[in-house]
Amino acid sequence: MAKEKNIKNEQMEKIVAFCKRKGFVFPACEIYGGFANAYSYGPYGVELKNNIKQLWWKKFVDGREDMVGLDGPILLNSKLWEASGHLGGFNDAMIDCKECKMRYRADNLISEVLGKDLEGKLDEMTKTIQTEIKCPNCGKQNWTEARFFNMMFKTEMNSVEGPVYLRPETAGAIFVDFKNVIDSCRVKVPFGIGQIGKAFRNEIVARNFIFRVREFEQMEIEYFISPEAEWEAMFNNWLEAQEEFAKSLGAKAEDLKRYEHPKEKLSHYSRKTVDIEYNFPFGFAELFGLAHRGDFDLSQHQKFSGSDLTYFDSTTNKRYLPHVLEPTFGVDRAVLVALSAAYTEEDLGEGDIRVVMKFPPKLAPTKVAIFPLLKNKPELVAKAREIFADLKSEFKCEFDDNGNVGKRYRRQDEVGTPFCVTVDFDTLEKGEVTVRDRDTMKQDKVKVEDLKDWLKNKIS
Ligand code: ATP
């Protein structure tokens with residue numbers, strides 16, 4: 001598996017600075033000096049992120065007969081996390097530098113520095129780091145023991161005894177509602193439940209911009225299948241669908257690769273786990289994942305809750321605990337793919353660099369910008385306003401009458417608007433507007449009455 005490194009990378013730095021300058025992603029709480037690798041999605045970023053979530057929901061929930069949706073809570077009964085293992089064994093081993101107080105994931109440190117894999121072996125990890133590794137931050141070699149660290153954020157609820165936790169993944173909420181879904185909806189195995197929502201992990205090292213943060217969003221599916229199903233073909237179909245989705249974000253095929261977890265490193269319940277990695281500006285790293293989790297989750301929840309979570313299959317007349325395939329997608333990593341794949345600098349000669357975000361039109365934060373050719377001609381402004389009012393019922397639009405048209409084009413190129421519509425004297429005389437394409441910079445004349453359909457066609 002590619003372990004992401006915190007490479008000071010020119011491309012990454014450009015994207016981070018660009019995102020702040022153009023209103024895509026801001027460092028959170030900047031006026032208070034910032035806050036621990038947290039980010040806000042700005043006006044363009046939130047549109048991009050929402051478009052990605054909508055595309056996902058359309059493809060994987062609304063677009064399929066065998067899927068339904070769910071929106072579960074972030075704070076859940078802590079027993080759920082005992083059952084899932086998050087409160088027990090599934091913790092990461094951490095080690096601290098006593099000199100500079102930096103904390104590292106012990107297995108990552110060893111694999112990055114020494115290329116060895118000692119995951120899970122606490123004593124060996126401590127010994128290896130203490131004797132062979134200098135702190136990458138301060139260069140000293142004065143380490144604590146490695147110890148397991150729980151990544152869940154703990155809080156309290158006045159009506160509940162004991163701590164409650166911010167969910168570290170969205171999947172848990174799906175399993176605890178499995179019975180409600182089969183009892184209330186006409187679903188039949190195989191079927192899946194999809195959910196989009198926030199998850200929280202107290203990551204020791206949050207890094208690489210929105211790639212690894214402590215508060216993030218996931219789009220997750222639990223796809224329930226019969227224990228006797230031919231699961232390999234379904235598994236492959238899901239992998240392909242996940243890759244297709246990555247491509248619809250703008251990812252090129254050569255920037256995607258699969259990493260199959262070796263059998264000996266799989267959790268005892270998993271038959272197969274594959275990460276889909278993307279070539280981020282800092283190198284290949286996990287974008288999405290797919291796991292065959294057997295009946296581990298439902299059987300654990302059945303055991304810890306005492307509720308019967310079996311399913312009666314009316315086609316085979318058998319009752320069983322379904323197995324599950326879990327395709328999981330990170331929203332923030334998907335946004336980072338869209339941003340890094342779209343970011344383009346074009347050299348137009350004589351030192352003129354055009355920055356253009358080549359988002360697939362469906363994902364573009366603004367779909368159409370409408371300009372009156374001249375700001376001081378009331379008849380052009382009025383017509384442009386009329387067209388703007390009409391188009392904005394259909395698309396996310398911007399009206400711009402500031403500066404010359406060339407400058408307005410460049411502003412829209414930078415935020416990835418695929419089409420700019422200029423209202424000029426031909427509009428008043430012949431009922432035609434000029435539509436300029438972001439990528440080719442070519443201009444087309446389009447009749448005002450055809451404009452909405454013309455754009456709809458191009459954008460979809
Ligand atoms: P990693 O190995 O990178 O820590 P993971 O295997 O722990 O990821 P999963 O538990 O499979 O991740 O979570 C599903 C998806 O959620 C990941 O594929 C990723 O897209 C996203 N994700 C996980 N952790 C984070 C994070 N800290 N910040 C942003 N996205 C995350």
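Interatomic distance, CE of M152 versus CG of L87, reported as 3.5 Å (0.5 Å rounding).
The side-chain hydrogen bond (donor to acceptor under 3.5 Å, both in side chains) analysis of residues 353-367, with sequence neighbours excluded, yields the pairs E346-R354, E346-K358, R354-D413, T366-E398. Sorted by first and then second residue, the pairs that involve residues 43-52 and meet salt bridge (Lys or Arg N to Asp or Glu O under 4.0 Å), not counting sequence neighbours, are E47-K396, K49-E217. Pairs passing the salt bridge (Lys or Arg N to Asp or Glu O under 4.0 Å) check and including a residue from residues 21-37, sequence neighbours excluded, read K20-E30, R21-E414, K22-E414. Contacts classified as salt bridge (Lys or Arg N to Asp or Glu O under 4.0 Å) and involving residues 224-235 (residues at least two apart or in different chains) are given here: E228-K318.
The salt bridge (Lys or Arg N to Asp or Glu O under 4.0 Å) test applied to D71 returns no partner, not counting sequence neighbours. Take Y320 and apply the ring-ring contact (aromatic ring centres under 6.0 Å, His included) test, not counting sequence neighbours, and it matches Y311. Partners of H323 by ring-ring contact (aromatic ring centres under 6.0 Å, His included), not counting sequence neighbours, listed by chain and number: H292. Applying the side-chain contact (heavy atoms from CB on, under 4.5 Å) criterion to V274, with sequence neighbours excluded, gives F235, L239, R258, E260, K272. For F280, the ring-ring contact (aromatic ring centres under 6.0 Å, His included) test picks out F211, Y278, F282, with sequence neighbours left out. Looking at residues two or more places apart in sequence or on another chain, you find a side-chain contact (heavy atoms from CB on, under 4.5 Å) between V405 and F371, L373, R408, Y409, T422. Every residue meeting the ring-ring contact (aromatic ring centres under 6.0 Å, His included) condition with F191, not counting sequence neighbours, appears here in chain and number order: F224. By the side-chain contact (heavy atoms from CB on, under 4.5 Å) test, N137 pairs with C100, M102, Y104, C135, sequence neighbours left out.
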(request) Would you check, one step at a time, whether the test salt bridge (Lys or Arg N to Asp or Glu O under 4.0 Å) holds for E345 with K14? (result) CA-CA 11 Å; E345 287 178 5; K14 256 187 197 165; 3.1 Å; yes
(message) Assess the residue pair D437 and K442 against the criterion (salt bridge (Lys or Arg N to Asp or Glu O under 4.0 Å)); give the C-alpha distance rounded to whole Å, side-chain angles, the decisive distance to 0.1 Å, and a yes or no.
(response) CA-CA 6 Å; D437 182 294; K442 288 213 175 99; over 6 Å; no
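A salt bridge links E203 to R212: at least one charged side-chain nitrogen sits closer than 4.0 Å to a carboxylate oxygen. Remark: D352 engages R410 in a salt bridge, criterion side-chain N to carboxylate O under 4.0 Å. With respect to D62 and K58, no salt bridge is recorded, no charged nitrogen being found less than 4.0 Å from a carboxylate O.
Between P168 and W81, the shortest heavy-atom distance links the atoms CD-CH2, 3.5 Å. The two residues A83 and Q300 have their closest heavy-atom pair at O-NE2, 2.8 Å. Considering all non-hydrogen atoms of both residues, G194 and M67 come closest at N-CE, 3.6 Å.
Between the side chain of S78 and the backbone N or O of P163 there is at least one donor-acceptor pair closer than 3.5 Å. Side-chain atoms of R167 come within 3.5 Å of backbone atoms of P73 as a donor-acceptor pair (strictly under, hydrogens ignored). With hydrogens and angles ignored, the 3.5 Å screen pairs a side-chain donor or acceptor of Q195 with a backbone N or O of T170. Although no hydrogens or angles enter the test, the distance criterion places no donor-acceptor pair under 3.5 Å between the side chain of Q218 and the main chain of F329. D96 contributes no side-chain N or O that, together with a main-chain N or O of K98, makes up a donor-acceptor pair within less than 3.5 Å.
By the 4.5 Å heavy-atom criterion applied to side chains, D400 and F388 are not counted as neighbours. Taking the side chain as every heavy atom from C-beta outward, Q141 and I133 never approach each other to under 4.5 Å. With a 4.5 Å cut-off on side-chain heavy atoms, I276 and E243 count as touching.
Few gaps surround NZ on K198; more than 12 heavy atoms of other groups in view lie less than 6.0 Å from it.
Ring geometry for F153 against F200 counts as perpendicular: the plane angle is over 60°, on a 0 to 90° scale with 30° as the lower cut.
Paired with L249 under the rule side chain to side chain contact (heavy atoms under 4.5 Å, CB included), one option of L339, L336, V335, I52 passes, and it is I52. Screening Y39, F18, F24, F26 against F209 for a ring-ring contact (aromatic ring centres under 6.0 Å, His included) leaves a single residue, Y39.
Side-chain polar atoms of T273 and S270 form a donor-acceptor pair below 3.5 angstrom. For the residue pair T126 / E145, no side-chain donor-acceptor distance below 3.5 Å is found, with atom types taken as modelled. D66 and Y223 are linked by a side-chain donor-acceptor pair at a separation below 3.5 angstrom, with hydrogens and angles left out of the test.
Taking the ring centroids of W454 and F419, they lie under the 6.0 Å cut-off.
Figure legend: cation-pi geometry between R293 and W231 absent, as NZ or CZ is not positioned both under 6.0 Å from the six-membered ring centre and within 45° of its axis.
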